[in-house]
2 protein chains.
Amino acid sequence: MVSTPTPDKRDTVKAHGTIRARNVQNIIGAAEIEFAQRGYKATSIQKIAARAGLPKANIHYYFNSKLELYLEILTNILRLWDAALNELKPEDDPATALSRYIHAKIEFSRRYPLASRIFALEVMTGGEHLRDYYQQGYHTWFQERCAVLQSWVKQGKMAPVDPAHLIFLLWSSTQHYADFGYQATAALHGDKQPLSDSDYQQAATTLSTIILRGCGITPPDSASPGHAMKP
Amino acid sequence: MVSTPTPDKRDTVKAHGTIRARNVQNIIGAAEIEFAQRGYKATSIQKIAARAGLPKANIHYYFNSKLELYLEILTNILRLWDAALNELKPEDDPATALSRYIHAKIEFSRRYPLASRIFALEVMTGGEHLRDYYQQGYHTWFQERCAVLQSWVKQGKMAPVDPAHLIFLLWSSTQHYADFGYQATAALHGDKQPLSDSDYQQAATTLSTIILRGCGITPPDSASPGHAMKP
DNA sequence: GTCTATAGCCCGATAGAC
DNA sequence: GTCTATCGGGCTATAGAC
């Protein structure tokens with residue numbers, strides 16, 4: 001899920017970097033599982049090494065420290081994280097744009113629950129390693145995203161709702177299926193069988209239905225095209 | 001926030017238990033802060049003792065192990081956690097019942113963010129200490145709660161939506177302000193000033209508006225009493 | 001590039017003086 | 001009831017043989 005870190009000794013060895021790349025990927029994959037299961041501090045390099053099938057000193061060979069490995073993973077998550085929201089534009093039709101956004105986020109929860117959980121654990125434990133990220137223009141970026149939703153309200157495309165809290169609603173309701181997947185499974189199925197594809201589909205359509213109607217938007221594929229909306 | 005654990009030596013000392021009770025409360029309060037900040041495994045007894053202003057051996061005097069102290073706190077949270085949802089009854093008017101539920105959960109996030117975060121961290125890291133709780137009738141309890149919402153649908157009190165996913169939506173959207181409070185603060189205010197009372201009010205009214213309208217329910221205090229609803 | 005051995009630290013838990 | 005001292009163990013990180 002990431003490019004190779006600082007290359008070294010390009011000349012002495014054959015060095016197409018294939019061994020390095022393979023090991024780095026292996027370590028990152030194992031680390032994602034472990035960090036998602038316990039959070040940064042409670043995860044030991046020993047466990048990561050065991051999952052990767054390597055002696056733990058090898059982790060230190062590719063990543064100078066536990067923190068460096070963690071930041072490598074966390075930074076990659078952040079890069080992906082806000083991409084979806086950036087695609088919302090003032091000229092969009094909110095019916096299709098919001099519905100697509102909800103389905104995309106649910107799909108993200110289904111496919112990359114580890115990334116979602118690593119991010120959530122980081123935020124919930126104080127976001128110590130996100131301080132720079134949040135202080136470098138995050139507030140203004142968020143305001144710009146709110147402005148897009150606000151422009152839909154002004155154009156009469158949706159009912160007047162607080163854009164910031166609507167965004168929080170979109171985030172929380174969709175990420176719930178990754179972050180609280182264990183609870184959702186226990187509630188829905190009781191047993192250990194994980195959430196099925198149809199569970200995720202049902203989640204996406206239910207959320208779309210409620211949130212779009214809640215914003216006074218007629219769903220794109222809905223049956224009743226003439227549902228009224230208050231100014 | 002809890003009763004005293006196993007009492008001992010009731011006879012030899014004066015023993016109104018006032019010293020014990022005070023120390024236990026002090027330790028639990030400090031432990032809640034620490035567990036909420038880092039999760040169970042990453043929290044050390046040393047940190048708890050430091051925050052409580054005691055030598056760490058004293059924690060072991062009142063609680064035999066770190067796990068016992070943690071379970072004491074976690075169990076108390078669980079006791080409170082589902083009380084609000086249990087108050088929803090088939091004969092209720094969903095407009096007032098759901099609105100009240102949303103406001104109550106937001107208020108809970110505002111007043112007890114530590115409890116919410118401890119619970120969330122526990123679930124997200126696999127719920128190792130919740131296994132008994134989830135396996136002892138949790139599934140059937142959840143189904144009963146869904147049945148209440150389903151009865152509202154059948155009575156024509158609200159639009160047909162999947163009750164389970166509606167409950168997930170209610171949980172996730174309200175707990176978001178406790179669990180992701182740090183992110184919400186960064187997004188709304190940029191600076192370090194925490195979420196204000198008016199932020200929580202705005203959250204509650206926005207969520208109520210969207211979710212109730214999304215379920216085809218006319219808000220209790222709303223202006224238009226005749227808003228139509230699909231069967 | 002790989003792996004063993006170990007230094008140096010912090011942890012949970014306990015013993016025992018006061 | 002309180003607190004110091006300490007044991008045994010797991011941790012991050014590094015040194016150095018192969």
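Values in this document were obtained by computation on a predicted structure and should not be read as measured data. Each chain gets a letter, A, B and so on, in the order its sequence line appears, and its residues count up from 1.
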Closest nucleotide among dG12(C), dC3(D), dA13(D) to the L54(B) side chain: dC3(D)

CA sep, side-chain torsions, deciding dist, call: T174(B), F108(B), side-chain contact (heavy atoms from CB on, under 4.5 Å): CA-CA 9 Å; T174(B) 52; F108(B) 205 89; over 6 Å; no

Candidate nucleotides dC3(D), dT2(D), dT12(D), ranked by approach to the side chain of Y62(B) - the nearest: dT2(D)

Separation of dG12(C) P from Y40(B) OH (nearest whole Å): 8 Å

Gap between atoms OH and C1', on Y61(A) and dA5(C) respectively (whole Å): 19 Å

Options dA13(C), dC3(D), dC3(C), nucleotide nearest the side-chain atoms of S65(B): dA13(C)

Length of the line joining I48(A):CD1 and dG10(D):P, which is rounded to integer Å: 18 Å

Among dT12(D), dA13(C), dT4(D), the nucleotide that comes nearest once only the side chain of H60(B) is considered: dA13(C)

Test of ring centre spacing under 6.0 Å for F119(B) and Y112(B): no

Rounded distance in Å - CG (L69(A)) to P (dT12(D)): 11 Å

Gap between atoms CD1 and P, on I59(B) and dC3(D) respectively (whole Å): 10 Å

Spacing between K41(B) atom NZ and dG12(C) atom C1', to the nearest angstrom: 13 Å

Side-chain N or O of N23(B) closer than 4.0 Å to phosphate OP1/OP2 of dT2(D): yes

Within the 6.0 Å centroid threshold, strictly below: Y134(A) and Y182(B): yes

Distance in angstrom units between Q46(B) CD and dG9(D) P, rounded: 19 Å

Integer-rounded Å distance: dA5(C) P and K56(A) NZ: 13 Å

W171(A) ring center within less than 6.0 Å of Y101(A) ring center: no

Minimum-distance nucleotide to R20(A) side chain [options: dT12(D), dC3(C), dG1(C)]: dG1(C)

Residue I45(B), side-chain heavy atoms: nucleotide from dG12(C), dC3(D), dG1(C) that is nearest: dG12(C)

Side chain of A57(B) (C-beta onward), nearest among dG1(C), dC11(C), dT4(D): dT4(D)

Pair Y177(B) and H165(A), ring centroids less than 6.0 Å apart: yes

Minimum-distance nucleotide to K66(B) side chain [options: dG12(C), dC3(D), dT2(C)]: dG12(C)

